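Working notes, structure below.
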Protein chains: 2
Amino acid sequence: MATAQPRTCSIARTLDVIGEKWALLALREVFLGNRRFDEMVRRTGAPRDTLTARLKTLTGAGILERRPYSEHPARFEYHLTPAGRDLYPVIATLMAWGDKYLAGEDGPPLVLDHTCGHRFVPQLTCQACGETVQYGQARVAAAASGWAR
Amino acid sequence: MATAQPRTCSIARTLDVIGEKWALLALREVFLGNRRFDEMVRRTGAPRDTLTARLKTLTGAGILERRPYSEHPARFEYHLTPAGRDLYPVIATLMAWGDKYLAGEDGPPLVLDHTCGHRFVPQLTCQACGETVQYGQARVAAAASGWAR
DNA sequence: GGGGTAAGTCCGGAATCTGGACCCACCATA
DNA sequence: TATGGTGGGTCCAGATTCCGGACTTACCCC
């Protein structure tokens with residue numbers, strides 16, 4: 001009898017790369033334009049050691065790119081690659097959830113405006129039909145073979 | 001001179017709740033309809049101990065609800081609360097990123113169909129104008145006071 | 001020379017995670 | 001009666017990871 005193997009779905013794979021502590025907060029800083037090591041340490045509060053390790057993982061995974069901006073005192077900035085930029089929806093939806101359920105009485109600590117002029121409230125939609133999608137409106141279609149692996 | 005404090009943004013707060021290892025994979029199983037402890041252990045591969053701890057955190061945070069489905073052998077199921085259901089966009093965008101960047105040659109291990117009949121490819125849009133949003137199209141609007149706290 | 005900045009590395013102790021064994025209550029079978 | 005299976009855990013010792021703080025190197029500015 002085959003006992004189900006743990007799935008290796010795309011969620012698990014993605015979390016292997018960005019699921020460690022501080023990885024997403026480091027990414028948040030890059031999204032906000034803070035690309036340098038010390039600045040990230042200050043803004044996130046991550047231990048320097050840990051941040052070093054995370055940045056290494058993220059560059060290794062092709063999410064960030066380590067670019068020198070000075071030689072001699074060799075200094076580096078971390079830039080988003082296209083793959084990194086594509087993580088924006090993850091960050092945005094995480095933030096939206098926190099805004100809704102964990103904001104204090106001051107309201108959300110960080111407010112974004114969309115280029116359309118309105119406050120940016122992220123929404124999930126279906127690329128095909130454009131409608132908003134909530135839990136229950138998408139169903140498992142097929143096990144491309146990897147369902148239980 | 002005030003050295004910047006680590007931000008406590010909504011992302012950090014959210015990660016405090018769902019950012020620990022296995023929390024999101026446990027949630028994935030609940031989203032897929034597997035609500036029972038042993039099933040989650042099998043499907044995720046998480047250590048039983050760790051899963052116990054995560055489920056406790058998630059119920060404590062109001063994301064899951066522990067409902068008895070049998071007395072006497074006391075047995076429980078974990079159900080999504082409305083707050084839990086609102087995490088669907090996070091799961092969906094994580095999965096979409098993994099599908100795009102980490103899928104093997106077999107393609108994505110898990111394929112979803114939207115009720116509109118098409119393959120479900122999650123997209124991030126602006127609630128106000130309905131347009132798709134990518135990195136760079138939303139800007140920091142104001143520091144509600146908590147910017148650097 | 002003195003102080004500051006940037007990007008790390010090194011360290012020992014603390015906290016977490018891990019796999020595996022164990023437990024208890026039930027049910028089914030024979 | 002024993003035997004085995006399921007479900008939802010707990011307990012434990014060892015491995016791994018995280019943590020804060022000190023230290024380093026190389027520059028710049030005054």
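Chain letters run A, B, ... following the sequence lines, proteins first and then strands; every chain starts at 1. Remember, predicted model here, so these are calculated numbers, not experimental data.
Judged by distance alone, with hydrogens and angles left aside, the side-chain atoms of B:Arg13 form a donor-acceptor pair with the main-chain N or O of A:Leu102 at under 3.5 Å. Proximity of a side-chain donor or acceptor of B:Thr44 to a complementary backbone N or O of B:Met40 within less than 3.5 Å is detected.
A:Glu77 has its CD atom 18 Å from the P atom of C:dT5, to the nearest Å. Protein atom CG of B:Asn34 is 12 Å distant from nucleotide atom P of D:dG8, rounded to whole Å. As a whole-Å value, the separation of B:Glu20 CD from C:dT16 C1' is 9 Å. Note: CG (B:Asp38) to P (D:dG5) measures 14 Å, nearest angstrom. Distance CG (B:Leu25) to P (C:dC17): 13 Å, rounded to an integer number of Å. Between B:Leu55 atom CG and D:dT10 atom P the separation is 10 Å, expressed in whole Å. Atom-to-atom, OH of A:Tyr69 to P of D:dC27 comes out at 14 Å; the value is rounded to the nearest Å. One atom, CD of A:Glu39, and another, P of C:dA7, lie 10 Å apart when rounded to the nearest Å.
Across D:dT10, C:dT9, D:dG7, the shortest atom-to-atom separation from the side chain of A:Lys56 is found for C:dT9. The side chain of A:Pro73 sits closest to D:dC27 out of D:dG7, D:dG8, D:dC27. Distances from the side chain of A:Thr52 to the nucleotides C:dG8, C:dC17, C:dA6 place C:dG8 closest.
A close approach under 4.0 Å does occur between a side-chain nitrogen or oxygen of A:Arg66 and OP1 or OP2 of C:dG8. The side chain of A:Arg75 places no N or O atom within less than 4.0 Å of a non-bridging phosphate oxygen (OP1 or OP2) of C:dG8. Remark: B:Lys21 is in phosphate contact with C:dT18, judged by side-chain N or O atoms under 4.0 Å from OP1 or OP2. Side-chain N/O atoms of B:Trp22 include one lying less than 4.0 angstrom from OP1 or OP2 on C:dT18. Listed pair A:Tyr78 / C:dG8 meets the phosphate criterion, a side-chain N or O lying under 4.0 Å from OP1 or OP2. Under 4.0 angstrom from either OP1 or OP2 of C:dC17 there lies at least one side-chain N or O belonging to B:Arg54. Distances shown here put every side-chain N or O of B:Arg48 at or beyond 4.0 Å from the OP1 or OP2 atom of C:dC22.
Residues A:Phe31 and A:Tyr88 bring their aromatic ring centres within 6.0 Å.
The CD1 atom of A:Ile18 sits 11.5 Å away from the CG atom of A:Leu25 when rounded to the nearest 0.5 Å.
Counted within 6.0 Å of NE2 on B:His118, heavy atoms from surrounding residues, nucleotides or ligands total 12 or fewer; the atom is thus considered open.
Between the base of C:dC10 and the side chain of A:Asp49 there is a donor-acceptor pair shorter than 3.5 Å.
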